[in-house]
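In this text, all values refer to a predicted model and were calculated from it rather than measured experimentally.
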Amino acid sequence: MSRISYVCLFILLLQTSNAAYADVSKLPPYKITEHQLYLTAQQAYELKTKQEDDVLFVDVRTRPELEFVGVPDIIDVNIPYAFNDLEQWDSEKNRFKKKLNRNFIAALDANLKKKGLDKNSKIIFMCRAGRRSALASNLIHEFGYTNVYSVIDGFEGDKIEDGPEKGKRKLNGWKNSGLPWGYKLDKEKMYFK
């Protein structure tokens, strides 16, 4: 093969490998991560089911979210990125303030080790709609993790911007994509710190 053929082959392979991941050209700034590795809910499902033993799939939502909104059938573990601080009110957002889970890194390390994985293994973070998964990805980037994906549409999806369904999370996401989920929690996958 000529040098030009190798270059063309390399470009084709690069385009093919990138095509498997989410289109991030229109992501809002709060969903951008240091790793710049993104998946849609559908892509996360496909990656996890094809490479189950080589991927740690972490739902970073709060425990009540999992209990009352639902949980994907194939997560490995729930490690909340943050908790509701029921003593503090956020007047701007009209909800309880959030406080960072101080045990997040330790819990992540323990679950990677339990599965025989390390900081270079594939990790998928998913939250409600992509904000906390991006924050979690950025947090662990500082600690040397190298292969971290954020599910950009999350479990519930993004809000519809126009029409009679405006403001409802029915645009995309795990639930709206028809992926397997339920309300039954697996005690072995839940966070207990």
A side-chain contact here means heavy atoms from C-beta on lying under 4.5 Å apart; do [X] and [Y] qualify?
X      : Y      : answer
Leu171 : Asn176 : no
Pro72  : Phe155 : yes
Asp118 : Leu112 : no
Tyr183 : Phe68  : no
Tyr30  : Leu135 : no
Ile152 : Leu27  : yes
Leu56  : Leu108 : yes
Lys187 : Phe192 : yes

Quick test of your reading of the model: are [X] and [Y] salt-bridged, counting only N-O distances below 4.0 Å?
X      : Y      : value
Arg132 : Glu65  : yes
Asp85  : Lys98  : no
Asp53  : Lys115 : no
Glu165 : Lys170 : yes
Arg131 : Asp158 : no

>> With side chain to side chain contact (heavy atoms under 4.5 Å, CB included) as the criterion, how do Ile74 and Thr49 come out once you've worked through the C-alpha distance, each side chain's angles and the decisive distance to 0.1 Å?
In response: CA-CA 8 Å; Ile74 64 169; Thr49 54; 4.2 Å; yes

> Hey, is CD on Glu92 packed in by over 12 heavy atoms from elsewhere, all under 6.0 Å?
Replying inline: no

>> By the definition side chain to side chain contact (heavy atoms under 4.5 Å, CB included), identify the one residue from Ile79, Asn78, Asp76 that meets it with Asn111.
In response: Ile79

> Is it true that Phe125 and Phe104 have ring centroids separated by less than 6.0 Å?
Replying inline: yes

Do you know the tightest heavy-atom contact between [X] and [Y]?
X      : Y      : answer
Arg63  : Lys193 : NH1-O, 4.4 Å
Ser150 : Ser133 : OG-OG, 2.7 Å
Ala41  : Gly154 : CB-O, 4.0 Å
Gln42  : Leu179 : OE1-CD2, 3.4 Å
Trp89  : Asn94  : CZ2-C, 3.2 Å
Tyr38  : Thr33  : OH-N, 2.8 Å

Consider only side-chain heavy atoms of I, L, V, M, F, W and Y, link residues closer than 4.5 Å, and tell whether [X] and [Y] are in one cluster.
X      : Y      : result
Val55  : Val151 : yes
Phe143 : Ile124 : no
Tyr191 : Tyr81  : yes
Val71  : Trp181 : yes

> Can Leu66 and Met190 be said to form a side chain to side chain contact (heavy atoms under 4.5 Å, CB included), step by step?
Replying inline: CA-CA 9 Å; Leu66 273 63; Met190 295 300 105; 3.9 Å; yes

Rounded distance (nearest 0.5 Å) linking atom [atom1] of [X] with atom [atom2] of [Y]:
X      : Y      : atom1 : atom2 : result
Glu46  : Lys50  : CD    : NZ    : 5.5 Å
Asp153 : Met126 : CG    : CE    : 9.0 Å
Ile123 : Thr146 : CD1   : OG1   : 8.0 Å
Lys31  : Ser137 : NZ    : OG    : 14.0 Å
Tyr145 : Leu139 : OH    : CG    : 9.0 Å
Ile75  : Leu185 : CD1   : CG    : 8.5 Å

Any donor-acceptor N/O pair, [X] side chain to [Y] backbone, under 3.5 Å:
X      : Y      : answer
Arg169 : Glu156 : no
His141 : Ala136 : no
Asp90  : Lys93  : yes
Lys48  : Gln43  : no

> When the ring planes of Phe57 and Trp174 are compared, do they come out parallel, tilted or perpendicular, using 30° and 60° as the limits?
Replying inline: tilted

> Within 45 degrees of the axis of the six-membered ring of Phe83 and under 6.0 Å from its centre: does Lys99 put its NZ or CZ there?
Replying inline: no

> Should Leu37 and Val148 be marked as a side chain to side chain contact (heavy atoms under 4.5 Å, CB included) after you check the CA-CA gap, both sets of side-chain angles, and the distance that decides it?
Replying inline: CA-CA 6 Å; Leu37 297 173; Val148 184; 5.7 Å; no

